[in-house]
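Comments concern the structure below.
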Amino acid sequence: MIPLSWYLFLSAALFCIGLYGVLARKNAIAILLGVELMLNAVNINLVAFWRYLDPTQMGGQVFAIIVFAVAAAEVAVGLSLVISIYRTRGTVVADELDMMKW
Amino acid sequence: MGAQILFFLCAALILISAIMVVTVRNLIHAALWLIATLFGAALLYASLDASFIAVVQVVVYIGAIAIMFIFAVMLTRRELLIKTDQTNANWPLALGLSAVMLVALGYVIGGFGVTLNTTPAAIPAGVDPLTLLGKALLAPEAYVLPFEVASVLLLAAMVGAVYVAMNKK
């Protein structure tokens, strides 16, 4: 059978890949893609712990569903901000969006 | 044995396509690789007996979120951007930080050792996790309040997104 730690290692690796995407990518949409990878890593952890510890306690799955809702909200707001910025500034490169830097 | 092969196939699909998401130059391709990652995660949920989560993963993540990414990429496309470098000046630092994070997380998980279960807990006979999930989401003594707060958050985010993206002319 598959030990629980394999799932944890998988989600740790996925989280770190997402972290690299968030920190290294230039395009604002690509940064949001990295955030999605990190949220998915969290969800794999939640579902694996639910299955391996006590399947009659539904906290893990409920929390995973709430993470889905938060991810959808985050993407909607983030992408609308990106589109709004693109309309006014003509760029989606995060480095060039420094008008709030004093 | 079959379960382990399935796990390794899912893990390979998830990790390879996740690496493609953060490295490919064309953002449309990155969004398509994200769909592959999300599908691998959905397979993993299905193999963990979380059927509802697997279906929601396909419907919400692949059907809505990934498609929204593709729309956003198309709306903000600049031909120049594909040809220029897609990483910022700090990418070696980011790579190092991610590697340190991976080693630290691996050390912590490895340190759990024998306290982690090696086999899934048995689902008691006559218990359907899906029924339990439905009851837990709507029972006042369980998770109805977080559920409602999440739905209000989603509504507020949607209204805010429409307002922010609206063309005010």
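Since this is a predicted model, take the numbers as computed values, not measurements. Below, all heavy atoms of this structure are taken into account, side chains as well, without hydrogens, waters or symmetry copies. Below, read A as the first sequence line, B as the second, and so on, with proteins coming before strands; counting in each chain starts at 1.
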Looking at [options], which makes the most heavy-atom pairs under 4.5 Å with chain B?
options: A:Y7, A:F15, A:F49; result: A:Y7
options: A:G59, A:G60, A:G34; result: A:G59
options: A:I85, A:V22, A:T56; result: A:T56

Nearest-0.5 Å distance that lies between atom CG in A:L37 and atom CG in B:L34:
6.0 Å
Measuring from atom CG of A:N27 to atom OG1 of B:T76, what distance do you get when rounded to the nearest 0.5 angstrom?
6.0 Å
Which pair of heavy atoms, one from B:A94 and one from A:Y20, lies closest together, and at what distance?
C-CD1, 3.9 Å
Over all heavy atoms of both residues, which pair between A:W50 and B:A50 is shortest? Give the atoms and the distance, please.
CZ3-CB, 4.1 Å
So, A:R51 side chain and B:Y45 main chain: donor-acceptor pair closer than 3.5 Å or not?
no
Can you tell me how the ring of A:W6 sits relative to the ring of B:F8, calling it parallel under 30°, perpendicular over 60° and tilted otherwise?
tilted
B:Q57 versus A:N43, side-chain donor and acceptor atoms under 3.5 Å:
no
Does any heavy atom of chain A fall under 4.5 Å from the side chain of B:Y163, the backbone, both, or neither of them?
neither
Under 4.5 Å from any heavy atom of chain A - which part of B:S47
side chain
